[in-house]
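Structure, as structure tokens:
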Amino acid sequence: MSIFKDHIDRMSAYKPPLDGRDPKQHLLLDFNERTLPVGEAIRQALVDYINDDRLQMYPSYGDIVEKIAAYAKVSAEQVMITNGSDQGIDLIFRAACCEGDEAIIPGPSFAMYSQCARVENLTIIEPQYTQEKGYPLAEVLAAISGKTRIIVVSNPNNPCGTLVARNDICTLAKAASDAVILVDECYFEYSSVTVADLVQQYPNIVITRTFSKTWGLPSLRLGYVIADADNIRALLNVRGPYDINQLAVVAIRAGLENLNGIESYVYEVMSESKPMLEGFFDQQKIPYWRSGGNYLWAFFENPEQIERGLQEAGVLVRPKSYLGQVGLRITLGTKEQSERLISVLAQLI
Ligand SMILES: Cc1ncc(COP(=O)(O)O)c(C=O)c1O
């Protein structure tokens, strides 16, 4: 008999395979991270902050919400910072759902949605993405009931990279006007697709974003929620006053003042590396999903062997299953890194 709730006791933890990852030894193409370290401005801001002897103080965030809102082209009342977008996702589930409610989480998808739904003891409905039709819109619409409290739109979805059209998000927002449409824009800088401009018109659209992926700061944990001002007021009642650490805020303040490094990295990944790897897959007749993110999900005939061969060559990728088949989700890095990846793959195939 546990001292905790039965359903929590029965759950299993989300444990991503983090052991042994070392950027000095490996080309890390397994977590959709930025494959280059952060720029000098961010590094210097962190060093300066530490040298300024302020670590003994509780965090205070100053005007960082205003700065992020300006970057996201929304008003400051429509933004809340979070401890990574994982915390944003968690707070939204906690604030919106009661035990027994339903969450529609199309799969396969990022594990945290189901994890948060299970913590709240929700019933999870999981229509499947397909390569032909993408987001299972018809199935999601058909699954909406009086108990639906959250519908997840991972945009683009992880692992398949599928994007959901703006119109389809509006259709969902209208069809389930009492439910949260959780639009996860974790990979926004890569996809350039957003519905941030729609949160006032559709107050049930709530967006999560992060500084983990493009900005190269997953270790510091900073994300943000964009939503109608009333929703932000409610979510702030759930988030703690110091949940975001000060170093994350220091780093992002410097990052937002130096956008050039971000834009050139995104350009190299999406406009040079991605077509290069897609061209290689096309030439080798290796099926893969069209992706709006900095990753491609590819289905080799012998995925275990390919993964092992890549690992032996110092390249880490992430196996992700779909309908009993294993696909390798491969993060895109710089042009030079993609050339290295392709040359190892060419030898293995
Ligand atoms: C779709 C998606 N959402 C959210 C996250 C979590 O990001 P964060 O580091 O901001 O918690 C990830 C991380 O892999 C992701 O793929």
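Every number for a ligand or one of its atoms is a count from 1 in the order of the listing. As a basis for the values below, the full set of heavy atoms in this structure was taken, side chains included, without hydrogen atoms, waters or symmetry mates.
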Under 4.0 Å from a heavy atom of [X]: which atoms of ligand 1 are those, numbered in the order shown and with their elements?
{"X": "Gly84", "value": "10 (O), 11 (O)"}
{"X": "Ser154", "value": "1 (C)"}
{"X": "Tyr113", "value": "1 (C)"}

Can [X] be said to touch ligand 1, with heavy atoms closer than 4.0 Å?
{"X": "Tyr187", "answer": "yes"}
{"X": "Arg209", "answer": "no"}
{"X": "Arg221", "answer": "yes"}

Ring geometry between Trp297 and Tyr322 (parallel below 30°, tilted from 30 to 60°, perpendicular above 60°): perpendicular

Ring geometry between Tyr135 and Tyr129 (parallel below 30°, tilted from 30 to 60°, perpendicular above 60°): perpendicular

Close aromatic pair by centroid cut-off 6.0 Å: Phe93 and Tyr113: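 Centroid separation for Phe93 and Tyr113: 6.0 Å or greater.
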
Centroid-centroid distance, Phe299 to Tyr288, less than 6.0 Å: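 Centroid distance Phe299-Tyr288: not below 6.0 Å, so no.
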
Trace of the salt bridge (Lys or Arg N to Asp or Glu O under 4.0 Å) decision for Arg54 with Asp52: CA-CA 6 Å; Arg54 288 166 180 266; Asp52 202 24; 2.6 Å; yes

Report the nearest protein non-hydrogen atom to [atom]: residue, atom name, distance rounded to 0.1 Å.
{"atom": "atom 6 (C) of ligand 1", "result": "Asp86 OD1, 3.1 Å"}
{"atom": "atom 14 (O) of ligand 1", "result": "Lys213 NZ, 2.8 Å"}
{"atom": "atom 4 (C) of ligand 1", "result": "Phe110 CE2, 3.2 Å"}

Gap separating the CG atom of Leu220 from the CD atom of Gln246, nearest 0.5 angstrom: 11.5 Å

At a non-hydrogen distance cut-off of under 4.0 Å, which region of [X] contacts ligand 1 (side chain, backbone, both, or neither)?
{"X": "Phe31", "answer": "neither"}
{"X": "Ser85", "answer": "both"}
{"X": "Met112", "answer": "neither"}

NZ or CZ of Arg209 within 45° of Tyr224 ring axis and under 6.0 Å: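 So Arg209 doesn't make the cation-pi contact.
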
Per atom 16 (O) of ligand 1, closest listed option by heavy atom (Leu217, Asp184, Asn158, Thr210): Asn158

Salt-bridge present (Asp197, Lys73; N to O < 4.0 Å):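 No, Asp197 and Lys73 are not salt-bridged.
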
Closest contact, heavy atoms only, Gly88 versus Val225: CA-CG2, 4.0 Å

